[in-house]
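When reading the values below, keep in mind they use all heavy atoms of this one structure, side chains included, and skip hydrogens, waters and symmetry mates.
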Amino acid sequence: MHGNPSRSRRRILLTIGAAVLLAPLVAMQFTDEVAWGPEDFVAAALLLGGAWAALELAWRVLPATTGRLIAAAGIVFAMLATWGHLAVGVF
């Protein structure tokens, strides 16, 4: 990749976040089984934004790639666990 690696990483995370938020919006056009309200989109955006901020912080603070990957895995797991709890009460 050319250019600033930090900018490329941000672009990738932003694209993933946008795709995750667009998926239920598109699904709502084709089925009644997906019924998100504005509060659901706000909660998802806040959850994704918080995970993004935590990933950025981990990438800036941790010097070693291994530590960064472990932190990223923990952050993604925490985000998915929270999402699962909010969606269906997994825990």
Do [X] and [Y] sit in the same hydrophobic cluster, where Ile, Leu, Val, Met, Phe, Trp and Tyr count as joined when their side-chain heavy atoms come under 4.5 Å apart?
X   : Y   : result
F77 : L62 : no
L69 : V76 : no
L57 : L55 : no
L22 : L47 : yes

### Task
Find out whether L25 and W36 are in side-chain contact, i.e. whether some heavy atom of one side chain is under 4.5 Å from a heavy atom of the other.
no
Minimum heavy-atom separation for [X] to [Y], with atom names?
X   : Y   : answer
M79 : A51 : SD-CB, 3.7 Å
L21 : A44 : CD2-CB, 3.5 Å
A58 : I75 : CB-CD1, 4.2 Å

## Note on the structure
salt bridge (Lys or Arg N to Asp or Glu O under 4.0 Å) pairs touching residues 30-57, sequence neighbours excluded, are R9-E56, R10-E56, E56-R60
### Co-members of the apolar cluster containing I70 [side chain, <4.5 Å]
none
### Message
I'd like to know if the side chain of T82 reaches the main chain of A78, judged simply by a donor and an acceptor atom lying under 3.5 Å from each other, with no hydrogens or angles considered.
### Response
yes
### Query
In chain order, what residues pass the side chain to side chain contact (heavy atoms under 4.5 Å, CB included) check against L14, with sequence neighbours excluded?
W52
